[in-house]
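Since we're looking at a predicted model, the values are computed, not measured.
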Amino acid sequence: MALTLYKRRQLCTAASVIAALAMAGGLSSCSTQKVAPGGSLPPATGDDAPPAPREFRAAWVSTVANIDWPSRSNLTVFQQQAEILAILERAKTLNLNAIVLQVRPSADAIYPSKLEPWSEYLNGRQGQAPQPWYDPLKFWITQAHARGLELHAWFNPYRARHSTAKTPLTRDHIANTRPETVKQYGKLLWMDPGEAAAAQQTQDVIFDVVRRYDIDGVHIDDYFYPYPIDASSGADGPDGAATLHAELPFPDQPSWQRYLLSGGHLERADWRRQNVNRLIEALYLGIHREKSWVRFGISPFGIGRPDRRPAGIAGFSQYDKLYADAELWLANGWLDYLAPQLYWPIAQPPQAFDVLLDYWLAQNPRGRHIWPGLFTSRIDHSARSFSPEEIVKQIALTRTRPGVHGQLHFSMAALMENRKGICDQLKAKAYQSAALSPNSPWMGTAAPAAPSVTVRRSRGCLSLKLTAAAGTPLAVFAIWSRYGEKWHFAVAPAASAEWDVVDDAAGPASAVIVSGVDRLGNESERVSVLHMPVA
């Protein structure tokens with residue numbers, strides 16, 4: 001299935017994609033009603049279109065343990081690709097604009113790599129390539145961009161083997177090639193952040209993907225040092241209210257002793273944080289050195305360091321348990337966006353969503369993006385289930401905070417299943433119209449050249465032919481159409497050459513305006529189609 005599978009039209013979907021969605025099996029449908037012209041845009045005032053809606057709207061797609069994709073490790077290639085298309089179609093239907101795809105679950109890969117083996121979650125056995133062969137990451141990127149969606153590659157920085165893994169490690173896995181860097185911790189294998197070779201492996205893997213693939217972002221999660229395990233029960237987990245009675249110590253004694261013998265004077269906790277800090281700085285600088293437009297995002301656990309947290313906030317901290325100093329990374333500008341995992345309801349005072357969001361905003365002197373992670377998958381049938389309304393309220397709350405222009409949903413499974421009608425709620429109350437990703441001025445502000453547009457009258461619509469100008473490549477076209485007193489906003493992928501502006505019940509649009517948007521979110525001058533001759 002190639003790019004030609006998908007030719008975006010405003011009210012039509014290619015029959016081949018519909019067939020692929022059916023093959024994915026068991027996917028509940030979200031609301032597919034046409035968004036009312038204007039969506040959430042303000043009423044029209046003259047012929048000038050309003051500013052484009054700006055909000056990062058993403059969902060995490062986990063590959064580890066087959067949480068989101070592929071749904072099983074024994075799917076055929078066609079079934080894997082059908083599920084990819086289903087996920088991307090759902091994201092587009094919901095007016096999301098980004099997918100954060102886990103490409104390195106546990107020192108392995110869902111793409112061909114000379115550095116790490118194929119993941120067992122892809123084909124059922126570590127080291128086994130897809131048959132017939134294809135490159136899953138390239139397929140994801142091509143199909144996402146064909147829909148105007150960003151694709152951020154998500155890497156687990158240090159995990160070497162997940163507790164759900166079942167097949168043997170390959171000979172070229174780091175646990176076998178560099179066994180001194182990998183430690184057993186409970187049921188996990190973990191690369192020791194104190195070992196220079198472990199940090200170098202992570203950098204090499206990430207920079208390799210940045211060089212070889214047309215990704216829009218690099219994303220790392222909250223797994224730096226592992227979540228503490230209870231020494232008596234063997235249980236672990238990032239519950240913000242949890243306390244462990246006896247933590248199993250992480251076995252990094254060899255690297256710690258080497259540090260002390262080299263003349264190091266830091267306390268052990270500070271040394272561990274220094275190890276992680278060095279990785280974060282190196283990744284930020286190296287990613288932008290390779291490709292200046294690729295954004296670097298981090299999603300730490302959502303509770304801040306103990307000596308700074310607001311009154312009333314209690315629980316686990318990534319600062320003193322995972323040795324991740326996210327506050328320092330924000331202060332130094334070592335990232336382009338922070339997606340703190342705010343996985344608690346608004347009305348839970350010890351971990352109140354709004355209080356924690358305000359905390360992270362206060363730690364952001366360089367004005368980096370703060371896009372909180374939402375626990376949408378907590379909509380389930382457990383006693384602790386969220387209601388869909390909780391997620392909608394959290395999105396609404398983010399919009400009351402200056403400087404917050406986005407959210408990430410964990411994870412895509414909840415949206416694919418439309419749990420308790422969450423998709424319908426999002427479409428009706430939160431994501432009524434499309435939106436552009438916010439721009440990142442510290443990465444560049446030069447506007448791309450305006451596109452050229454030709455228009456012809458077709459049956460029931462204006463057909464636009466869109467052509468990007470030479471120079472800075474475009475990511476998407478922004479398209480406004482006015483019906484009566486309201487504007488409708490749409491986003492067309494830069495890969496698409498055509499777009500239909502469909503007549504509504506009262507007739508054709510009275511104004512159409514188009515601009516080009518580059519990969520940093522910078523918008524070109526706008527082109528008014530209204531004054532162009534119509535064939």
Side-chain angles (χ1 to χ4, degrees), residues 2-12 14 37-39 41 44 46-54 92 95 97 141-150 214 216 292-293 433-441 443-483 487-504 507-535:
L3 180 59
T4 52
L5 254 182
Y6 184 90
K7 188 176 183 182
R8 177 67 169 95
R9 311 293 287 184
Q10 194 166 1
L11 295 179
C12 303
L41 297 179
D47 289 337
D48 292 333
R54 293 273 186 169
K92 189 67 177 176
N95 287 319
N97 51 31
I141 293 168
T142 300
Q143 296 296 335
H145 288 172
R147 292 157 175 77
L149 299 170
E150 296 180 11
D214 191 25
D216 300 284
S292 61
W293 62 88
S433 71
L436 299 176
S437 288
N439 61 351
S440 303
M443 299 179 71
T445 57
S452 62
V453 184
T454 57
V455 58
R456 63 183 175 85
R457 183 73 194 170
S458 296
R459 186 185 212 174
C461 67
L462 289 175
S463 291
L464 309 182
K465 184 176 182 180
L466 310 168
T467 305
T472 303
L474 298 182
V476 295
F477 298 101
I479 304 171
W480 294 258
S481 49
R482 192 176 73 178
Y483 301 85
W487 287 97
H488 173 71
F489 181 71
V491 174
S496 176
E498 297 179 345
W499 187 267
D500 288 346
V501 178
V502 181
D503 299 349
D504 74 355
S510 60
V512 177
I513 293 173
V514 178
S515 66
V517 183
D518 69 15
R519 300 182 76 161
L520 294 179
N522 297 312
E523 185 185 346
S524 74
E525 291 185 3
R526 298 179 177 187
V527 177
S528 175
V529 178
L530 181 67
H531 301 108
M532 293 182 173
V534 178

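Counting only heavy atoms from C-beta outward, the side chains of Val491 and Leu436 approach each other to under 4.5 Å. Considering only heavy atoms from C-beta on, Leu466 comes within 4.5 Å of Ile479 through its side chain. The side-chain heavy atoms of Arg457 and Leu462, taken from C-beta on, include a pair separated by under 4.5 Å.
Within the 3.5 Å criterion, the main-chain N or O of Val514 finds no donor-acceptor partner in the side chain of Arg526. Looking only at distances, a side-chain donor or acceptor of Asn522 sits under 3.5 Å from a matching main-chain atom of Gly444. Listed for the Asp518 side chain is a donor-acceptor partner under 3.5 Å among the backbone atoms of Leu520.
Here the closest heavy-atom approach between residue Asn97 and residue Ala435 is recorded as ND2-O, 3.1 Å. Contact between Ala478 and Phe489 at its shortest, heavy atoms only, is CB-CE1, 3.7 Å. In terms of heavy-atom proximity, Pro451 sits nearest to Val527 at O-CG2, 3.3 Å. Of all the heavy atoms in Lys92 and Arg147, the pair that sits closest is NZ-O, 2.9 Å. Here the closest heavy-atom approach between residue Ser515 and residue Trp480 is recorded as OG-CZ3, 3.6 Å. Between Val501 and Ala509, the shortest heavy-atom distance links the atoms CG1-CB, 4.0 Å.
From Asp500, atom CG reaches atom OG of Ser481 across 11.5 Å, with rounding to the nearest 0.5 Å. Rounding to the nearest 0.5 Å gives a distance of 13.0 Å between CD of Glu525 and CD1 of Ile513. Between the CD atom of Glu150 and the NE2 atom of His145 there is a distance of 7.5 Å, given to the nearest 0.5 Å. For the atom pair OG (Ser496) and NZ (Lys465), the distance works out to 11.5 Å, reported to the nearest 0.5 Å. To the nearest 0.5 Å, the span separating OG1 on Thr142 from CG on Asp214 amounts to 8.5 Å. Put simply, CG on Leu464 and OG1 on Thr454 are 8.0 Å apart, with the number rounded to the nearest 0.5 Å.
Applying the side-chain hydrogen bond (donor to acceptor under 3.5 Å, both in side chains) rule to Ser524 yields no partners; only residues at least two apart in sequence or on another chain are considered. Scored by the salt bridge (Lys or Arg N to Asp or Glu O under 4.0 Å) test, Asp216 finds Arg519 as partners (sequence neighbours excluded). In this structure, Asn439 has no side-chain hydrogen bond (donor to acceptor under 3.5 Å, both in side chains) partners at least two apart in sequence or on a different chain.
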